[in-house]
Protein chains: 2
Amino acid sequence: MALNDVELCDEHAVHIKLVNKINHEMPEDDDLYDLAELFKVFGDSTRIKILFALFESEMCVCDIAETLGMTQSAISHQLKILKQSKLVSNRREGKSIIYFLADDHVRTIIDQGMNHIKE
Amino acid sequence: MALNDVELCDEHAVHIKLVNKINHEMPEDDDLYDLAELFKVFGDSTRIKILFALFESEMCVCDIAETLGMTQSAISHQLKILKQSKLVSNRREGKSIIYFLADDHVRTIIDQGMNHIKE
DNA sequence: TAAACATATGAACAGATATTCATATGTATA
DNA sequence: TATACATATGAATATCTGTTCATATGTTTA
């Protein structure tokens, strides 16, 4: 749909200033997209579980898989997504790769989410 | 995959206590699911844009559609999802239905997300 | 260095999801 | 009360996403 083709309420003349103001305050499309992508990462219960596990302790992939009762492959795929979003980091220790939380935003965001659903 | 069928690292004997501890601290499945569902709602740029619009002012459906340059139907579908998650509420005013933010968790959660992507 | 171990990865499939289109519902107005 | 207006909704479709399976990569150890 073209931009000059959008639907308008009858009261459009009254609201046009509001629409313009809001579009002026709206963040850049890139930021909005990145933000949605970030929340998308939190929007899967497997990844949420992995993050909760890492709240308690850093862990190797195998132990995360065991904790969640899922295959190593499934966990590894999800860890890749969490790492790409910079929510977790990892380091090698011998044969194992240890994953841990990248920073404390993760906790804050999840805590706020918990507050919301607990009401 | 059955629970007694999970893969175990060779070092399993060392880590079994950690796994048990983490499973003990892990929130209930229902809560984990609800939490993921909540973040899923934030994980779409159309819905993120609607929320940013409502940060500035309550609005009727038609004006939201115009602001975002999208159809009334698409916006209405998304508003339904936002309302089901209790992120927005609405009231009727004559022919229009006015949507507004339900509470302040929304701002906090989105602000934290912004902090993360802005680093 | 060959074998075992730990993890990563690509392809494929099944299930979920956002938008569109047509239309229904509810409200105001001529 | 017929018509226009504002919004909601169901079905259909195209796209996206999580898991599985098979296998590749990289490390340790016998």
Side-chain angles (χ1 to χ4, degrees), chain A residues 1-2 5-15 32-33 36-50 58-66 68-85 88-100, chain B residues 1-2 5-15 32-33 36-37 39-50 58-85 88-100:
Chain A
M1 195 175 61
D5 203 31
V6 290
E7 306 168 35
L8 304 179
C9 328
D10 259 17
E11 302 182 51
H12 168 246
V14 183
H15 299 160
L32 292 168
Y33 182 82
E37 288 302 302
L38 175 65
F39 285 121
K40 210 170 283 183
V41 175
F42 287 96
D44 173 81
S45 52
T46 297
R47 290 190 291 265
I48 288 279
K49 284 179 196 171
I50 292 175
E58 57 180 31
M59 294 177 87
C60 67
V61 178
C62 180
D63 281 343
I64 298 173
E66 184 183 349
L68 306 198
M70 295 178 64
T71 66
Q72 175 268 319
S73 181
I75 298 300
S76 193
H77 279 294
Q78 298 307 334
L79 284 170
K80 184 176 187 177
I81 292 171
L82 289 168
K83 196 174 178 220
Q84 281 170 340
S85 312
V88 308
S89 300
N90 62 14
R91 69 172 184 278
R92 180 173 280 280
E93 260 185 29
K95 283 182 290 187
S96 297
I97 299 202
I98 311 293
Y99 280 82
F100 51 92
Chain B
M1 193 174 66
D5 203 30
V6 292
E7 305 167 37
L8 303 179
C9 328
D10 259 18
E11 301 181 50
H12 169 247
V14 182
H15 298 161
L32 293 168
Y33 182 81
E37 287 304 302
F39 285 121
K40 210 172 284 183
V41 175
F42 287 96
D44 174 79
S45 53
T46 296
R47 289 190 291 265
I48 287 279
K49 284 179 197 171
I50 294 176
E58 56 180 29
M59 296 177 87
C60 68
V61 178
C62 179
D63 282 344
I64 298 174
E66 185 183 349
T67 302
L68 305 199
M70 295 179 63
T71 66
Q72 174 270 319
S73 180
I75 299 300
S76 193
H77 278 296
Q78 297 309 330
L79 284 170
K80 183 176 188 177
I81 293 171
L82 288 168
K83 197 176 176 218
Q84 282 170 341
S85 312
V88 308
S89 302
N90 62 14
R91 69 171 184 278
R92 179 174 281 278
E93 261 185 28
K95 284 184 289 189
S96 298
I97 299 202
I98 311 293
Y99 279 83
F100 51 92

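Excluded from the calculations below are hydrogen atoms, water molecules and symmetry mates; all remaining heavy atoms, backbone and side chain alike, are included. Note that the structure is predicted; figures quoted are calculated from it, not measured.
A distance of 13.5 Å separates CD in Gln72(A) from CD in Glu66(A), rounded to the nearest 0.5 Å. The CD1 atom of Ile48(A) sits 11.5 Å away from atom CD of Gln78(A), with the distance rounded to the nearest 0.5 Å.
Straight-line distance from the CD1 atom of Ile75(A) to the C1' atom of dT19(D): 11 Å, rounded to whole Å. Taking atom CD1 on Ile97(A) and atom P on dT28(D), their separation rounds to 11 Å, with Å as the unit. For Asp63(B) and dC5(D), the CG to P distance is 16 Å, given to the nearest whole Å. Atom CZ of Arg91(A) and atom P of dA8(C) are 14 Å apart (whole Å). For the pair Leu79(A) CG and dT19(D) P, the computed distance is 11 Å after rounding to whole Å. Taking atom CG on Asn90(B) and atom P on dT7(D), their separation rounds to 11 Å, with Å as the unit. At whole-Å resolution of the value, NZ in Lys83(B) and C1' in dA8(D) are 11 Å apart. Rounded to whole angstrom, the span from the CG atom of Leu82(B) across to the P atom of dT7(D) amounts to 16 Å.
Not counting sequence neighbours, the partners of Phe100(A) by the side chain to side chain contact (heavy atoms under 4.5 Å, CB included) test are Glu58(A), Ser89(A), Arg91(A). In this structure Lys40(B) satisfies the side-chain hydrogen bond (donor to acceptor under 3.5 Å, both in side chains) test together with Glu37(B), sequence neighbours excluded. Applying the side-chain hydrogen bond (donor to acceptor under 3.5 Å, both in side chains) test to Gln84(A) and every residue at least two apart in sequence or in another chain returns nothing. Every residue two or more places apart in sequence or in another chain that forms a ring-ring contact (aromatic ring centres under 6.0 Å, His included) with Phe39(B) is listed here: Phe42(A).
For the pair Ile64(A)/Leu79(A), a side-chain contact is recorded, criterion being any heavy-atom separation below 4.5 Å from C-beta on. Between Arg47(B) and Asp44(B) the shortest side-chain heavy-atom distance falls below 4.5 Å.
Of all non-hydrogen atoms in Ala74(A) and Met70(A), the two that sit nearest each other are CB-CE, 4.0 Å.
An OP1 or OP2 oxygen of dA8(D) is reached within less than 4.0 angstrom by a side-chain nitrogen or oxygen of Tyr99(B).
Put simply, the side chain of Ser96(A) and the base of dC5(C) share no donor and acceptor less than 3.5 Å apart.
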Please list each protein N or O that sits under 3.5 Å from an N or O in nucleotides 23-30 of chain C, with the distance.
residue: dT27(C); atom: O3'; partner: Gly94(B); partner atom: O; Å: 3.4

Under 3.5 Å, which N/O atoms of the protein pair with N/O atoms of nucleotides 13-19 of chain C?
residue: dA18(C); atom: OP1; partner: Arg47(B); partner atom: NH1; Å: 3.3
residue: dA18(C); atom: OP1; partner: Arg47(B); partner atom: NH2; Å: 2.8
residue: dA18(C); atom: OP2; partner: Arg47(B); partner atom: NH1; Å: 3.3
residue: dT19(C); atom: OP1; partner: Thr46(B); partner atom: OG1; Å: 2.6
residue: dT19(C); atom: OP2; partner: Gln78(B); partner atom: NE2; Å: 2.9

